[in-house]
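One structure is given here, and the rest of the page talks about it.
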Amino acid sequence: MYRLATKTQLKRTVGVVRPAMFAMRSMATANQDLDVVVIGAGPGGYVAAIKAAQLGLKTACIDKRGPPGGTCLNVGCIPSKALLNNSHIYHTIKEDTKNRGIEVSDAKINFGQFMKSKEDAVNGLTGGVRMLFKKNKVDYYEGSGSFVNENTIEVDMNDGSDKVTLNAKNVIIATGSEPTTFPGIEIDEERIVTSTGILSLKEIPKSLTIIGGGIIGLEMGSVWARLGTKVTVVEFMPSIGGAGMDAELSKTALKILKKQGMNFQLQTKVMGAKRDGDIVKIDVEDAKGNKSELESEVLLVAVGRRPYTEGLGLDKVGIETDKKGRVVMDSEYRTKYPHVRVIGDVTFGPMLAHKAEDEGIAAAEYIKNGYGHVNYNVIPSVMYTHPEFAWVGQNEQELKDAGIKYNVGKFSFAANSRAKTNLDTEGFVKVLADKETDRILGVHIAGPNAGEMIGEAGLALEYGAAAEDVARTCHAHPTLSEALKEACLAAFDKPINS
C-alpha cells in the first residue's frame, strides 16, 4: 500500500486525480471528533492546518515549541534574515554611504537593541500565526504529540495540565528538522553553537569559525563579518554553497565573500574541536594531509540538518523511516497508513520552508479532494548574503549529466540601469534554455534582490515559457528585473544593452 518515494517521483509534478472518497479512507472508529490533526506548526504544518480548515475540515495543530512557526519563524529563516538585513544596513553606513555623498560619523552597534529587533520580528510573526489559527478555527495545542495508535494522538501539554487525547480521521506529520551534530564535538550553544545558538550570542565575537560552507554557514558568516568579527569557513568540499548551486554562482560567491573579508579553508577536514575556557580549539587537516589548529571565540557547526521524529511514537504504529531518518512516504505523502501523511523536512526533498508550505496545501487538498499539486522542478533556493544568490530549475552540470543541449544567456548587473544608479552592480543573471525549443530550463542569479527576482523565473518555468517569451514581455524601466529580460534575450538572440 506504500512505497519509498523515488527521486523521479519527487521531481515530477504531483497532480494525479483520485476519487475524493479514497483520501478519506480510515481505519478509525465512529467516535472520532476531528477530521485532521497536524503534528508540527512550522511552515508546512501551520499552512496544512489552515488549508484543511479552509476546506471545511475540523482541524487541530500541535507543537511542542509553544510559539507556532517552527524552526523557520523562531530560530531559522526569520531571525537570521533580520540579522542579515540589519547588519547590512550597518555595513552600508560604515563603508558605503560616503560613496553616495552621505557623511555619517560615529555609527555603532547597540547590541541589545540589535538583537531585540530580531526578537520583535519573530514575536510579530508567531503571533500572526496564532491569529490565523483563531481566524480559521484551528485548535492549537502547545505540547508534544505522539501516536497512541494510527488514529489517536496524545498531547503532553507544556503547561503541565492533563494530557489531551485527539482522535482523527487523518493525521499530517510535519515535525521538521534539527541541526546535524558533528561527531566528537559537544554543543553548548555558548561557544560551540548550532544555527540556533549563533542567533542568540551575548556579544559580538572577535573571531568565528564555521564548519560548513553551505547556505546557513555563509549567511551567518556574513552577519558577523559585517559587525567586525574575523570569520573563517572550513569546508570539506572544493566549493561553497552546497550541491544545488550552479558552479559559476558558487565561484562568484567565493570571490565576493572573500572580498568582503571572510576567510575560507576549502578541501579541509575538521578532526575535532574542544572548548578551552572562552576559546574553542579546532583541529583541521587539509587535502594534502597537513594538520593544524585553529582558535576561535565561537565555533558554528553548520553541517546540515536532519529529520526530527523524537518522541513521535512512530515505532508504536510501525511507521517507517529510512537510513537518514526520513519518514517513508509515497508520491501522495502517504505513509503505510493512507490516512497518515507526512510533509516538509521530516521526509524527502529539499529542506526549505516554501517547499513544506506547498506540500502542506497539497496534503490538505489530497485529504479533502483526492488530488494535490507540487512541482518539484520549480522550487527556488536563495542565499541571503549581499549580493543575494538565487536559482530555480536545473544548473549547467545537471543539464550536461542529462545530455541536454542548451543555450546560455547572461547579463551583468554592471550594465543594468537600476543597479548602476544604486551603486550595486556585482553579479549577473544566467538563463539556461533548451537549444531546440528555447524553453527555459534554469535561471541562476547573483546580484541585488536576487531572491525577489527568482519568483518571475519560477513562474516562467512553471508555465513552460521560452526565453523569447520573457524577453518579449515588457519590463518596467529602470528595474533590476530588466537584467532577467536581457539574459533571456541573450539566450535566444542578442541582448540590447551589452
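What you see is a predicted model; the values in this text were computed from it and never measured.
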Side-chain donor or acceptor of [X] paired with backbone N/O of [Y] under 3.5 Å:
{"X": "D188", "Y": "R191", "answer": "yes"}
{"X": "S161", "Y": "D159", "answer": "no"}
{"X": "D246", "Y": "E396", "answer": "yes"}
{"X": "S296", "Y": "T209", "answer": "yes"}
{"X": "S207", "Y": "K230", "answer": "no"}

Can you confirm whether [X] sits close enough to [Y] that some side-chain heavy atom of one is under 4.5 Å from a side-chain heavy atom of the other?
{"X": "M351", "Y": "P307", "result": "yes"}
{"X": "Y90", "Y": "R226", "result": "no"}
{"X": "K316", "Y": "N149", "result": "no"}
{"X": "Y376", "Y": "D358", "result": "no"}
{"X": "I256", "Y": "F389", "result": "yes"}
{"X": "D156", "Y": "S146", "result": "no"}
{"X": "I282", "Y": "V284", "result": "yes"}
{"X": "V138", "Y": "Y46", "result": "no"}

- Residues, nucleotides or ligands: over 12 heavy atoms within 6.0 Å of D162 CG: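 Open: at most 12 neighbouring heavy atoms sit under 6.0 Å from CG of D162.
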- Message: Does Q113, at its CD atom, have more than 12 non-hydrogen atoms belonging to other residues, nucleotides or ligands within less than 6.0 Å?
- Response: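 Check passes, neighbour count above 12.
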- Query: Taking only residues two or more places apart in sequence, or in another chain, which ones meet S144 in a side chain to side chain donor-acceptor pair (under 3.5 Å)?
  - Reply: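 S144: no side chain to side chain donor-acceptor pair (under 3.5 Å) contacts found.
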- Can you name the residues that form a side chain to side chain donor-acceptor pair (under 3.5 Å) with K274, not counting sequence neighbours?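 Scan of K274 (side chain to side chain donor-acceptor pair (under 3.5 Å), adjacent residues dropped) gives none.
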- Task: May I ask you to check whether N151 and H339 show a side-chain donor-acceptor distance below 3.5 Å?
- Result: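 Result is yes, a qualifying pair exists.
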Drop me the distance from [X]'s [atom1] to [Y]'s [atom2], to the nearest 0.5 angstrom.
{"X": "L83", "Y": "L201", "atom1": "CG", "atom2": "CG", "answer": "9.0 Å"}
{"X": "T335", "Y": "I319", "atom1": "OG1", "atom2": "CD1", "answer": "4.0 Å"}
{"X": "R334", "Y": "N170", "atom1": "CZ", "atom2": "CG", "answer": "11.5 Å"}
{"X": "E235", "Y": "L254", "atom1": "CD", "atom2": "CG", "answer": "10.5 Å"}
{"X": "T175", "Y": "L314", "atom1": "OG1", "atom2": "CG", "answer": "7.5 Å"}

Heavy-atom closest contact ([X] atom, [Y] atom, distance):
{"X": "I343", "Y": "A174", "value": "CG1-CB, 3.8 Å"}
{"X": "T309", "Y": "G325", "value": "CG2-O, 4.3 Å"}
{"X": "Q394", "Y": "E398", "value": "CA-OE1, 3.2 Å"}

[X] with [Y]: basic N within carboxylate O range, under 4.0 Å:
{"X": "R306", "Y": "E178", "answer": "yes"}
{"X": "E219", "Y": "K81", "answer": "yes"}
{"X": "K51", "Y": "E357", "answer": "no"}
{"X": "E150", "Y": "K336", "answer": "no"}

- Task: Would you please name every residue forming a salt bridge (charged side-chain N to carboxylate O under 4.0 Å, His left out) with E456, sequence neighbours left out?
- Result: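 With sequence neighbours excluded, E456 shows a salt bridge (charged side-chain N to carboxylate O under 4.0 Å, His left out) to no residue whatsoever.
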- Item | E189: partners by salt bridge (charged side-chain N to carboxylate O under 4.0 Å, His left out), with sequence neighbours left out |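 Once residues adjacent in sequence are excluded, E189 has no partner under the salt bridge (charged side-chain N to carboxylate O under 4.0 Å, His left out) criterion.
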Residues 380-388 side chain polar contacts: donor-acceptor under 3.5 Å, at least two apart:
{"unit_1": "T385", "atom_1": "OG1", "unit_2": "P387", "atom_2": "O", "d": "2.8"}
{"unit_1": "H386", "atom_1": "NE2", "unit_2": "D424", "atom_2": "OD1", "d": "3.2"}
{"unit_1": "H386", "atom_1": "NE2", "unit_2": "D424", "atom_2": "OD2", "d": "3.1"}
{"unit_1": "E388", "atom_1": "OE1", "unit_2": "A450", "atom_2": "N", "d": "3.2"}
{"unit_1": "E388", "atom_1": "OE1", "unit_2": "G451", "atom_2": "N", "d": "2.8"}

- Message: Parallel, tilted or perpendicular: which one describes the rings of F114 and F111, with boundaries at 30° and 60°?
- Response: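 Parallel, since the angle between the ring planes stays under 30°.
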Taking distance alone, no hydrogens or angles, what donor-acceptor pairs closer than 3.5 Å link side-chain atoms of residues 55-67 to residues at least two apart or in another chain?
{"unit_1": "K58", "atom_1": "NZ", "unit_2": "D33", "atom_2": "O", "d": "3.3"}
{"unit_1": "T59", "atom_1": "OG1", "unit_2": "L57", "atom_2": "O", "d": "2.8"}
{"unit_1": "D63", "atom_1": "OD1", "unit_2": "R65", "atom_2": "N", "d": "2.8"}
{"unit_1": "D63", "atom_1": "OD2", "unit_2": "A41", "atom_2": "N", "d": "2.7"}
{"unit_1": "K64", "atom_1": "NZ", "unit_2": "Y308", "atom_2": "OH", "d": "2.9"}
{"unit_1": "R65", "atom_1": "NH2", "unit_2": "T71", "atom_2": "OG1", "d": "3.4"}

- Query: Checking side-chain contact (heavy atoms from CB on, under 4.5 Å) against L299, which of I211, I187, T232 comes through?
  - Reply: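 Going through I211, I187, T232 one by one, the side-chain contact (heavy atoms from CB on, under 4.5 Å) with L299 is satisfied by I211 alone.
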